[in-house]
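Working notes for the structure below.
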Amino acid sequence: MALSDATLVRRVRDGDTEAFRLLVDRHHDDALRYATHLLGDAADAEDAVQETFVRAYRYLGRYREQDRFRGWLWRILINRCRTLASERARRPQPQELDTLAQQPDPASPDADLDRRLLRAELASALRTLPTEQREAVLLHFADGLSYPEMAVATGAGVSALKMRVHRACERLRDLLTTRRDSATSSTVHSHKMSKDRDHA
Amino acid sequence: MRDHTTEALPPDLLDALRAPVSVPDRDRRLDDIMRAVRTTRPEPRRGLAWAWPPSLQRLRRGVLAPAASAIVAFAFLLLAGTESLSAVFTTHAGLVGRLEVLGDTLIARAANPPTTTAATRPLAPTPLRDTVVATLYDTLRIVRLALRAPQAVQVVLAGAIDSIAAVPRVVTGGRTADGRWELRALIPREVALSSLALLVDGVRTVPLRFVGRTNESRSHTQRPHTLRPRVADSTR
């Protein structure tokens with residue numbers, strides 16, 4: 001049976017540093033997904049996640065057991081991502097990377113291509129959202145946090161967070177619809193051009 | 001009014017948002033993190049006094065902390081407004097003493113009373129200097145008063161300044177290893193005659209004269225540097 005976060009935290013506090021590895025193993029992937037979506041850069045996301053776990057270990061004495069460890073960890077992660085984002089705003093923007101691309105699925109290459117395209121579109125659409133809205137929509141939909149949990153993690157009020165999620169959803173839907181429409185029209189256009197060429 | 005709690009995204013978009021990010025060589029990444037963790041020293045656990053639940057954090061920051069500051073400030077103003085003031089202060093040298101203001105005269109006393117009387121021990125205190133250490137804005141400055149009195153047990157500062165009730169406001173200092181005593185006082189940088197004195201073991205007085213200088217903008221109104229030593233009442 002897997003040990004709960006609270007038990008592992010208690011062990012770490014008692015001096016068992018290796019128990020922290022289990023916590024890292026448990027939360028690393030979700031933290032990396034959040035940071036990657038938010039920052040849009042794989043290297044920055046890895047830095048943010050590593051720094052988050054180091055800080056969590058350093059300040060574990062401040063963690064109170066009545067809180068959810070994940071919420072507390074996410075508060076550190078959010079702050080770290082905000083800091084990195086503001087630091088990055090002061091330096092030249094990195095080139096766009098397909099950071100969400102995954103290993104191709106040999107069983108169904110078409111479905112895999114669709115998924116990859118959608119992820120690339122989503123990553124691009126997320127980048128156009130204001131940071132606060134991006135944070136809110138990722139915490140709510142990707143990480144499944146409730147609004148009260150999001151309020152604790154971000155320091156914003158519940159009603160403000162609901163509004164951010166609502167606006168982010170509207171904007172994401174609009175952006176993706178526009179992109180798909182333009183992609184469809186360009187496909188139709190190129191198809192028509194190739195047909196004309198064949199006739200000629 | 002629209003309910004924003006039921007916001008939803010298309011399922012394919014949700015799947016894309018929730019899809020895990022590929023982590024090539026995941027174990028190595030985790031090892032790197034643990035290597036960084038092992039070199040980190042954890043902060044000691046906080047006591048219960050600091051464990052404010054999140055629901056009270058805003059109350060503490062927004063209401064309790066400002067209210068406590070206001071109460072302290074009010075108490076300080078109440079004390080400062082009285083004719084005779086006795087306040088506890090801490091010096092930079094780690095001494096704890098009592099600061100007394102009697103009318104225009106301020107006497108700083110060390111917490112530890114002298115173990116021997118001055119009458120039983122010969123003393124030859126020598127004033128070294130009175131130096132302006134720093135100027136704070138254009139209204140205050142810190143002066144350092146020093147004397148050599150290796151055998152003294154207690155040296156306190158007394159002073160009076162023209163028409164200024166609570167000066168010097170801050171007294172810090174103590175004894176150095178070579179038998180020197182250094183005290184620092186915060187005095188106004190105005191046209192005023194600051195008369196400060198060092199009381200050695202409460203009996204002998206080493207007057208240190210310090211004439212307030214005008215700042216640059218008031219230099220034309222500067223008084224002549226007449227040194228007018230004024231000894232504290234307790235030594236007369």
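Protein chains get the first letters and strands the later ones, always in sequence-line order, with residue 1 at the start of each. Here the structure is a predicted model, which is why all the values come from computation and not from measurement.
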Is the side chain of R26(B) donor-acceptor paired with the backbone N or O of D25(A) at a distance under 3.5 Å, no angle test? yes
Cut-off 4.5 Å, heavy atoms of chain A, and the answer for L30(B) is both
Checking F53(A), Y57(A), F20(A) against I33(B) for side-chain contact (heavy atoms from CB on, under 4.5 Å), the one that qualifies is F53(A)
R58(A) side-chain N/O to R41(B) backbone N/O, donor-acceptor pair under 3.5 Å: no
Take Q50(A) and R35(B), measure what side-chain contact (heavy atoms from CB on, under 4.5 Å) needs, and give me the verdict at the end. CA-CA 10 Å; Q50(A) 172 159 338; R35(B) 204 170 301 123; over 6 Å; no
Where H37(A) and L17(B) come nearest, the two heavy atoms and their spacing: NE2-O, 3.3 Å
With only heavy atoms counted, which part of E46(A) is less than 4.5 Å from chain B, the side chain, the backbone, both or neither? both
Which bit of L161(A) is near chain B, if near means a heavy-atom gap under 4.5 Å: side chain, backbone, both or neither? neither
Between D143(A), T17(A), D29(A), V24(A), the one whose heavy-atom pairs under 4.5 Å with chain B are most numerous: D29(A)
So with a 6.0 Å cut-off around CD of E132(A), is the heavy-atom count from everything else above 12? no
Heavy-atom donor-acceptor pair, R21(A) side chain to M34(B) backbone, under 3.5 Å: no
